[in-house]
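Take a look at the structure set out below.
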Amino acid sequence: MQNLFILKFAPFIAGAIAIELIFLFWHHKLSRYYSWQESLASLGVFIGYASSGKISKIFLVGLSMWIWEHRLLTVPLDTWWGIFLLFLAIEFFYYWQHRASHRIRWIWASHAVHHSVNHLNLSAAYRLAWTGWLSGNFLFFLPPVWLGFHPIAVGVGLSLNLFYQFWIHSELIPKLGVLEWIFNTPSHHRVHHASNQAYIDRNYGGVLIIFDRLFGTFTEESLANPPIYGLTKPVRSHNPMIIALHEWASMFRDMQMTPSWLERLAIALGSPSGDSWAKSMRTKSG
């Protein structure tokens, strides 16, 4: 999946970013939408992301093929309906993986990297975690294999899903009318990246927004409440290593503050804000 993303899509991504930069420069808006230090840091983070994927590649391929050998069904992908079901399956499991990455701190420790940008532009799209394999993101995409979709098809489909999301990292594209009802658009994704209280943990979809509407996590962008980007506790460093690992360090510091392994588990599997499981455990124990 990562090789496909890098080798096949990188020229298009570089060209699109160049066009965005030229447009902003021409209209004297470059400093408003871009920070050169932040964008270069995102490039450094992306290089680490591309390299880190090699760590788990052999394991994931082996596990996926083992599950494929024990699949429940076989969905034919030489039919339109098979391709459509694959698309829906990837979108559905991506929604839940993305939602979990905001609600479970162990997974958020990786995903926080992507949300650490303070300017939303196309270069923000490739600020991706080095530790997704450690967080267990891949576990959410094993069920489609068991249900009958070939592992390679799932990997390619997920790559295309991520590629679609590249263009929605933009403040320059306005709302898109009726398309807003079905698809994840730049407007919807601006909400997702915002740290405004009304926008936090909303709009998890990849290509579609329909699962957010179905499961109650949809919020529309409001002109009266313009998005403020970045984390609620901003990362000020432009060091790719700090960006990639800051939330892991914060989580482990919190875990070290309690001698109870049960509370440590509560911290790791509780909400990133610490307002759920861990606090309830302290209340019961106190």
Closer than 3.5 angstrom, by distance alone: can the side chain of [X] be matched with the main-chain N or O of [Y] as a donor-acceptor pair?
X: Glu38; Y: His119; result: yes
X: Ser237; Y: Asn239; result: yes
X: Tyr164; Y: Asn184; result: yes
X: Gln165; Y: Ala125; result: no
X: Tyr33; Y: Leu21; result: no
X: Ser39; Y: Trp36; result: no
X: Glu180; Y: Leu176; result: yes
X: Ser135; Y: Gly132; result: no
X: Ser250; Y: His246; result: no
X: Thr258; Y: Met255; result: no

For His238, all residues meeting ring pair (Phe, Tyr, Trp, His ring centres under 6.0 Å), sequence neighbours excluded: none
Honestly curious: do [X] and [Y] fall in one hydrophobic cluster under the side-chain, below-4.5 Å linking rule?
X: Trp80; Y: Val75; value: yes
X: Phe59; Y: Leu158; value: yes
X: Phe141; Y: Phe84; value: yes

Nearest 0.5 Å, what's the [atom1]-[atom2] distance between [X] and [Y]?
X: Phe46; Y: Ser51; atom1: CZ; atom2: OG; value: 9.5 Å
X: Ser195; Y: Lys233; atom1: OG; atom2: NZ; value: 13.5 Å
X: Ser123; Y: Ile13; atom1: OG; atom2: CD1; value: 11.5 Å
X: Leu139; Y: Phe93; atom1: CG; atom2: CZ; value: 12.0 Å
X: Glu91; Y: Leu208; atom1: CD; atom2: CG; value: 4.0 Å
X: Leu63; Y: Phe138; atom1: CG; atom2: CZ; value: 6.5 Å

Not counting sequence neighbours, which residues clear salt bridge (Lys or Arg N to Asp or Glu O under 4.0 Å) with Glu221? List them please. Arg190
For Lys29, what residues pass the salt bridge (Lys or Arg N to Asp or Glu O under 4.0 Å) criterion, not counting sequence neighbours?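 So Lys29 forms no salt bridge (Lys or Arg N to Asp or Glu O under 4.0 Å) with any residue.
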Taking Arg202 first and then Asp212, would you say they form a salt bridge - that is, a charged N and a carboxylate O separated by under 4.0 Å?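 Between Asp212 and Arg202 there is no salt bridge, as every charged N stays at least 4.0 Å from the carboxylate O atoms.
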Does [X], at its [atom1] atom, have more than 12 non-hydrogen atoms belonging to other residues, nucleotides or ligands within less than 6.0 Å?
X: Phe252; atom1: CZ; result: yes
X: Phe215; atom1: CZ; result: yes
X: Leu60; atom1: CG; result: yes
X: Trp96; atom1: CH2; result: yes
X: Met241; atom1: CE; result: no

State, to 0.1 Å, how close [X] and [Y] come at their nearest heavy-atom pair, and which atoms those are.
X: Ser170; Y: Glu20; answer: OG-OE2, 4.5 Å
X: His114; Y: Leu128; answer: ND1-CD2, 4.0 Å
X: Ala124; Y: Val117; answer: CB-CG2, 3.8 Å
X: Asn118; Y: Pro234; answer: OD1-CB, 4.4 Å
X: Leu147; Y: Leu73; answer: O-CB, 3.5 Å
X: Phe140; Y: Ala100; answer: CZ-CB, 3.6 Å

Can a donor-acceptor pair be found between the side chains of Ser110 and Thr131 at a distance below 3.5 Å? yes
Any luck finding a side-chain donor-acceptor pair between Tyr199 and Ser222 under 3.5 Å? no
Evaluate Leu160 against Phe87 for side-chain contact (heavy atoms from CB on, under 4.5 Å), listing each step before the verdict. CA-CA 10 Å; Leu160 293 173; Phe87 167 72; over 6 Å; no
Are the side chains of [X] and [Y] in touch, meaning some heavy atoms are under 4.5 Å apart?
X: Leu142; Y: Trp66; answer: no
X: Ser271; Y: Arg105; answer: no
X: Phe149; Y: Leu85; answer: yes
X: His111; Y: Glu247; answer: no
X: Pro144; Y: Phe92; answer: no
X: Val235; Y: Val113; answer: no

When you measure from the centre of the six-membered ring of Trp261, is the NZ or CZ of Arg264 closer than 6.0 Å and no more than 45° off the axis?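 Pair Arg264/Trp261 counts as cation-pi.
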Kindly indicate whether a cation-pi arrangement holds for Arg99 with Tyr204, taking the cut-offs as under 6.0 Å to the six-membered ring centre and within 45° of the axis. no
Below 6.0 angstrom between ring centroids: does that apply to [X] and [Y]?
X: Trp146; Y: His70; answer: no
X: Trp248; Y: Trp106; answer: yes
X: His188; Y: His192; answer: no
X: Phe211; Y: Phe218; answer: no

Evaluate side-chain contact (heavy atoms from CB on, under 4.5 Å) for Thr217 paired with Tyr95, printing each intermediate quantity in order. CA-CA 10 Å; Thr217 54; Tyr95 169 85; 2.8 Å; yes
side-chain contact (heavy atoms from CB on, under 4.5 Å) for Ile17 and Asn121? Distances and angles first, verdict last. CA-CA 9 Å; Ile17 290 175; Asn121 52 59; over 6 Å; no
